Amino acid sequence: MTAQQQPAQQQPAQQQPAQQQPLSVGIHDIAIATGHHVLELDDLAERLGVDPAKYHVGIGQDAFSVPAPDEDIVTMGAAAAKEVIDRHGVEGIRTVLFATESGVDQSKAAGVYVHGLLGLPQNVRVVELKQACYGGTAAVQLALGIIARAPHERVLVIAADVARYDVDTAAEPTQGAGAAAILVSADPDLVEIEPAAGVFTADVDDFWRPNDRSTALVDGRLSVSAYVDAFVGAWDDLAAQGGPAYEDIVRFVHHQPFTKMALKAHRKLTQHVGVPFDESELATGFTYNRQTGNTYTASLWIGLAALLDLDDDLGGERIALFSYGSGSVGELVTGIVRPDYRDHRRQGRVGALLAARVPLSVDAYRELHASGAATSVDVERPRVTAAPYRFVGVRGGARHYEATGQD
Ligand code: COA
């Protein structure tokens with residue numbers, strides 16, 4: 001006889017299984033890093049003879065970060081991860097997941113370099129994940145699963161990218177660079193992620209990067225419609241999985257290849273659901289991405305960092321996070337912001353990082369762009385970055401990194 005067939009009254013009271021509280025898992029901390037330089041889109045507009053309003057209003061971007069010659073996804077990812085480790089230590093970290101679209105090696109995971117630079121314990125698994133800009137969210141989902149099975153562990157997720165398109169293309173103003181390090185744990189300080197998720201996959205050629213290219217190819221118009229389809233499709237799937245009503249979500253944060261993309265998609269969702277759309281509700285989550293430009297896998301998480309840093313009224317409220325990776329995969333998750341999240345955020349930190357970037361002229365940016373491709377040819381990189389780690393160069397075909405001694 002199975003347990004289900006057993007009449008309830010035959011079970012002695014003392015043998016009834018204790019009511020278990022569902023495990024709370026989610027985002028314990030987030031740290032952000034970005035490139036050493038910045039290109040103001042006003043300067044690019046002047047060079048290209050474009051009305052600057054096309055960038056500020058039409059695509060919703062103000063500037064983009066440009067890595068120094070001795071920076072890449074590893075140095076930015078390590079800088080963000082260092083902040084997290086400095087705050088929380090390494091105890092319980094047995095998994096490092098590195099998500100990127102702009103990997104520096106076809107075999108070795110970028111996270112292994114970070115593991116070495118940060119001096120993480122040897123009993124750690126490290127792996128790299130890829131699906132365009134979606135990889136960071138896939139990594140967080142995997143991390144949540146690991147924690148659900150081993151609540152005493154913590155998972156370090158790193159999402160880092162350099163968004164590179166060819167110069168003199170429509171996509172040039174939507175480049176960028178940045179990283180997010182996310183510590184996933186039980187009983188998190190910032191956001192508890194709810195179990196239901198809406199997912200959506202469709203085979204679309206809207207953005208891709210063949211193995212022989214260091215710049216992405218993109219069909220911008222198609223990427224808008226593919227993103228909208230994935231957002232609405234993920235919403236419908238979330239509803240089918242028992243997700244919350246639209247009215248029960250106070251804020252949405254989206255993947256932001258350019259912030260206007262998120263606005264367009266959100267307008268479509270509100271039409272689909274049949275609710276009014278107030279553009280201003282998305283503005284806070286755009287604050288940092290308008291400055292960094294597209295950061296691919298890190299973009300959604302930089303948006304979340306902005307929301308948590310700059311909105312004071314989220315305690316106990318439900319937020320939604322939409323991730324999109326061209327090609328294409330979308331995922332929509334929801335989370336409850338912890339009542340005391342304001343005690344754990346590091347307000348001002350990202351603003352200071354963005355303000356400290358060194359401006360580039362258009363000529364200087366284009367020179368750096370031309371030398372930005374990953375290479376196996378031996379080269380020494382000049383010392384430029386003010387970040388904690390730098391890319392020394394390529395020796396014997398292998399990439400080398402070092403600590404700079406700066407915080
Ligand atoms: N003032 C205000 N808005 C202006 C303007 C001006 N002077 N001039 C143009 N605009 C608006 C246009 O009306 C348009 O808005 P709309 O889309 O709401 O109609 C917007 O600016 C863009 O102009 P448009 O000429 O249509 O686009 P573009 O050919 O310059 O390309 C992108 C813009 C975003 C499509 C292009 O930069 C791109 O492909 N970027 C990459 C996108 C990407 O990464 N996708 C993959 C990840 S999802």
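The model shown is predicted, which means the values in this text are computed figures rather than measured ones. Note that ligands are numbered from 1 as they come in the structure, with each ligand's atoms numbered from 1 the same way.
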**Message:** Could you measure the distance from the OG1 atom of Thr385 to the CG atom of Asp72? Nearest 0.5 Å is fine.
**Reply:**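 One finds 10.0 Å between OG1 of Thr385 and CG of Asp72.
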**Asked** Out of curiosity, Leu41 CG to Glu46 CD, how far, rounded to the nearest 0.5 Å?
**Response** 13.0 Å
Can you tell me the protein heavy atom closest to [atom] and the distance?
| atom | value |
| --- | --- |
| atom 39 (O) of ligand 1 | Gly220 CA, 3.2 Å |
| atom 44 (O) of ligand 1 | Tyr165 OH, 2.6 Å |
| atom 42 (C) of ligand 1 | Phe258 CE2, 3.7 Å |
| atom 10 (N) of ligand 1 | Lys54 CG, 3.9 Å |
| atom 47 (C) of ligand 1 | Ser326 OG, 3.5 Å |

Neighbour count above 12 (heavy atom, 6.0 Å) for [X] [atom1]:
| X | atom1 | answer |
| --- | --- | --- |
| Arg345 | CZ | yes |
| Glu367 | CD | no |
| Lys82 | NZ | yes |
| Asp407 | CG | no |

Look only at interatomic distance and state if [X] has a nitrogen or oxygen under 3.5 Å from any nitrogen or oxygen of ligand 1.
| X | value |
| --- | --- |
| Ser223 | yes |
| Tyr227 | no |
| Thr174 | yes |

State, without any angle test, whether [X] and [Y] hold a side-chain donor-acceptor pair at a distance under 3.5 Å.
| X | Y | answer |
| --- | --- | --- |
| Glu194 | Thr334 | yes |
| Tyr324 | Asp206 | yes |
| Asp29 | His344 | no |

**Request:** Among His254, His272, His255, find the residue that satisfies the ring-ring contact (aromatic ring centres under 6.0 Å, His included) test when tested with His266.
**Result:**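 By the ring-ring contact (aromatic ring centres under 6.0 Å, His included) criterion, His266 pairs with just one of His254, His272, His255: His254.
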**Fill in**
From the list Tyr227, Tyr296, Tyr134, ring-ring contact (aromatic ring centres under 6.0 Å, His included) partner of Phe207 resolves to Tyr296
For [atom], state which one of [options] supplies the nearest heavy atom.
| atom | options | result |
| --- | --- | --- |
| atom 14 (C) of ligand 1 | Pro257, Ala265, Gly58 | Gly58 |
| atom 29 (O) of ligand 1 | Ala216, Ala170, Ala53 | Ala170 |
| atom 17 (O) of ligand 1 | Gln175, Lys264, His255, Lys260 | Lys264 |
| atom 22 (C) of ligand 1 | Asp51, Ile59, Val50 | Ile59 |

**Message:** Would you say atom 32 (C) of ligand 1 makes contact with the protein, given that contact here means a non-hydrogen protein atom less than 4.0 Å away?
**Reply:** no
**Message:** Among all the protein's heavy atoms, is there at least one whose distance to atom 4 (C) of ligand 1 comes out below 4.0 Å?
**Reply:**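 True for atom 4 (C) of ligand 1.
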**Message:** I'd like to know if Arg221 contacts ligand 1, where contact means a heavy-atom distance under 4.0 Å to any ligand atom.
**Reply:** yes
List ligand 1 atoms under 4.0 Å from [X], heavy atoms only on the residue side.
| X | value |
| --- | --- |
| Tyr324 | 48 (S) |
| Val218 | 43 (C), 45 (N), 46 (C) |
| Met261 | 48 (S) |
| Phe207 | 46 (C) |

**Asked** Can the positive tip of Lys108 be found less than 6.0 Å from the middle of the six-membered ring of Tyr113, inside 45° of the ring normal?
**Response** yes
